[in-house]
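Worksheet for the structure shown next.
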Amino acid sequence: MLSIAGNKKRTNVTLSADLLEQAKAFGINLSATFDKALGEAVKEKQRALFLEENQQAMDSCNAFTEKAGLFSQGRGVL
């Protein structure tokens, strides 16, 4: 989830000096870039955790579907 402007907090980070100078030279907004990258990293971790926590249920559902077939199977319904 990306943060909203009113919900920001100052923090310190340690960066490679060369990379920081290049980013400044290109006019890259560090706060916006970090906010977006961190949001994507958190989203990916949430996705991985969801899949891990729900793997048994998904496997069970898939096994049932393989055994019983789909509800629409043979009915011409997508």
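Only heavy atoms go into these numbers, but all of them, side chains included; no hydrogens, no water, no symmetry mates. Being a predicted model, the structure only gives us computed values, none of them experimental.
- With a 4.5 Å cut-off on side-chain heavy atoms, N62 and E66 do not count as touching.
- Taking CG of L38 as the reference point, atom NZ of K43 lies at 13.5 Å (rounded to 0.5 Å).
- Looking only at distances, no side-chain donor or acceptor of N54 sits under 3.5 Å from a matching main-chain atom of A57.
- Shown here are the side chain to side chain contact (heavy atoms under 4.5 Å, CB included) partners of T65, two or more places apart in sequence or in another chain: C61, L70.
- The side chain to side chain donor-acceptor pair (under 3.5 Å) test applied to D59 returns Q55, not counting sequence neighbours.
- Although no hydrogens or angles enter the test, the distance criterion places no donor-acceptor pair under 3.5 Å between the side chain of S60 and the main chain of Q56.
- Residue F34 belongs to a hydrophobic cluster whose other members are V13, L15, L20, L30, with links defined by side-chain heavy atoms closer than 4.5 Å.
- I28 forms part of a hydrophobic cluster together with F26, judged by ILVMFWY side-chain heavy-atom separations under 4.5 Å.
- For E44, there are no side chain to side chain donor-acceptor pair (under 3.5 Å) partners two or more places apart in sequence or in a different chain.
- S16 is linked by a side chain to side chain contact (heavy atoms under 4.5 Å, CB included) to D18, L19, counting only residues two or more places apart in sequence or in another chain.
- Going from atom CD of E52 over to atom CZ of R47 covers 12.5 Å, rounded to the nearest 0.5 Å.
- Between T11 atom OG1 and K9 atom NZ the span is 7.5 Å, to the nearest 0.5 Å.
- Taken to the nearest 0.5 Å, the CD atom of Q46 stands 11.0 Å off from the CD atom of E53.
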